[in-house]
Amino acid sequence: MAVLEEILGVTITVRVNGVDCVEYDDPEASDKQPTWPTSSKYIESPDDAEFSIHTTIDSNYDWGDQNHVLSVLHTVDNTWIRDSLVKSSRLENGKYEYDVSGKLTCSGESGHWNIHKLKFCTVNTEALQQEFIIPTTPPPQASLDGLSDAEVRRLAAERLTMINGEKPIKEENAIAAKRELSEVQDLTQDDRPTKIRRLSPEVIDLTDD
């Protein structure tokens, strides 16, 4: 919904099938320096959908004297679509609403007036997500839905084997590391059982020549 604090009483929305489109703030709006009051929004809509510009003018607008006329210019992609002139006398129940759904053109041959409907083009949703204009799609969560009982049991068995297989390896590594730090084996004996002797600290006098 485009609302300007400088011009109260005038709101404009874009509609598809009579329903307002979802709007997102323009992330670069603060960097722009327009010469007149401006509201910048992004909207979400189905690809190739027809749309209309819905304008509402109510009694909050500063009408001034009774001869005041509000001129509303509608453009799409810098292309003129329609001009509207609104007086306070057109308000009913405190407001006046109308829709612009296309551009009127006159056929030179027949003299008939035709309306060219407003229509959205296809937009790259991924590009808008990368610019953080619209929310990104969350990744799907892991689920066992749709798996058979046999597949669930197989996955559970694989996980249990993985858990049980990691624990002995860690304990064995811890024991081996402890032996390397605290024990010295005498490997010079051939037939005798291996003797294990522990190292004790020695003090050497380095002042003796």
Side-chain angles (χ1 to χ4, degrees), residues 1-61 69-147:
M1 179 183 296
V3 179
L4 299 175
E5 296 181 358
E6 297 86 352
I7 308 177
L8 298 178
V10 179
T11 59
I12 296 178
T13 59
V14 177
R15 291 184 169 184
V16 174
N17 296 325
V19 179
D20 292 347
C21 296
V22 178
E23 292 184 349
Y24 302 94
D25 293 331
D26 181 358
E28 299 179 354
S30 59
D31 299 331
K32 300 176 181 178
Q33 297 180 351
T35 56
W36 52 77
T38 302
S39 175
S40 182
K41 301 285 185 179
Y42 284 90
I43 59 174
E44 181 178 345
S45 65
D47 292 341
D48 300 322
E50 294 183 354
F51 68 93
S52 63
I53 304 171
H54 184 78
T55 302
T56 302
I57 305 169
D58 59 34
S59 57
N60 291 319
Y61 175 73
V69 176
L70 175 63
S71 176
V72 183
L73 171 64
H74 300 277
T75 63
V76 176
D77 293 336
N78 296 321
T79 301
W80 176 88
I81 302 298
R82 173 181 165 181
D83 286 336
S84 299
L85 300 177
V86 183
K87 297 183 65 175
S88 60
S89 59
R90 304 188 67 174
L91 271 63
E92 295 183 4
N93 298 322
K95 64 180 179 180
Y96 174 69
E97 298 180 88
Y98 65 93
D99 288 284
V100 177
S101 58
K103 180 178 180 179
L104 285 173
T105 58
C106 180
S107 173
E109 298 179 356
S110 63
H112 295 162
W113 287 89
N114 302 315
I115 182 170
H116 293 274
K117 294 288 187 178
L118 302 176
K119 191 175 182 180
F120 287 112
C121 297
T122 302
V123 177
N124 189 335
T125 303
E126 183 178 352
L128 295 178
Q129 290 175 338
Q130 292 177 353
E131 294 293 333
F132 301 103
I133 296 172
I134 62 175
T136 57
T137 304
Q141 298 182 352
S143 174
L144 298 178
D145 296 340
L147 298 179

(message) Measuring from atom NE2 of H112 to atom OG1 of T105, what distance do you get when rounded to the nearest 0.5 angstrom?
(response) 12.5 Å
(request) State, to 0.1 Å, how close D99 and R82 come at their nearest heavy-atom pair, and which atoms those are. (result) O-NH1, 3.6 Å
(message) With a 4.5 Å cut-off on side-chain heavy atoms, are I43 and F120 touching?
(response) yes
(message) Is any side-chain heavy atom of V10 closer than 4.5 Å to one of L70?
(response) yes
(message) Using 0.5 Å steps for rounding, measure from the OG atom of S101 to the CD1 atom of I115.
(response) 4.0 Å
(message) Working to the nearest 0.5 angstrom, can you tell me the gap between N60 CG and I7 CD1?
(response) 13.5 Å
(message) Counting C-beta onward and ignoring hydrogens, is there a side-chain heavy-atom pair between V72 and I57 closer than 4.5 Å?
(response) yes
(request) Find out whether V76 and K103 are in side-chain contact, i.e. whether some heavy atom of one side chain is under 4.5 Å from a heavy atom of the other. (result) no
(request) Look up atom CZ in R15 and atom NE2 in H54, then write down how far apart they are to the nearest 0.5 Å. (result) 4.0 Å
(message) Tell me if the CG atom of N17 is crowded by more than 12 foreign heavy atoms within 6.0 Å.
(response) no
(message) If the condition is side-chain hydrogen bond (donor to acceptor under 3.5 Å, both in side chains), which residues does D83 pass it with, not counting sequence neighbours?
(response) W80
(message) My understanding is that only residues two or more places apart in sequence, or in another chain, count here; which of them pass side-chain contact (heavy atoms from CB on, under 4.5 Å) with D26?
(response) E28, A29, K32, S40, Y42
(request) Could you tell me whether the side chain of R90 and the main chain of L85 form a donor-acceptor pair under 3.5 Å? (result) yes
(request) Could you tell me whether the side chain of V86 reaches within less than 4.5 Å of the side chain of T55, counting heavy atoms only? (result) no
(request) Name all residues meeting the side-chain contact (heavy atoms from CB on, under 4.5 Å) criterion together with N78; count only those two or more places apart in sequence or in a different chain, and write none if there are none. (result) none
(request) Please report the closest heavy-atom contact between I81 and G102, naming both atoms and the distance. (result) CG2-O, 3.3 Å
(request) Tell me, please, which residues at least two apart from V19 pass side-chain contact (heavy atoms from CB on, under 4.5 Å). (result) none
(message) As an exercise, state the distance from CG of D58 to OG of S88, rounded to the nearest 0.5 Å.
(response) 12.5 Å
(request) Check salt bridge (charged side-chain N to carboxylate O under 4.0 Å, His left out) between K95 and all other residues, then give those that pass, not counting sequence neighbours. (result) E97
(message) Tell me which pairs pass ring pair (Phe, Tyr, Trp, His ring centres under 6.0 Å) where either residue lies in residues 83-108, with sequence neighbours left out.
(response) H74-Y98, Y96-Y98
(request) Measure the CG-CD1 distance between D20 and I12 for me, rounded to the nearest 0.5 Å. (result) 12.0 Å
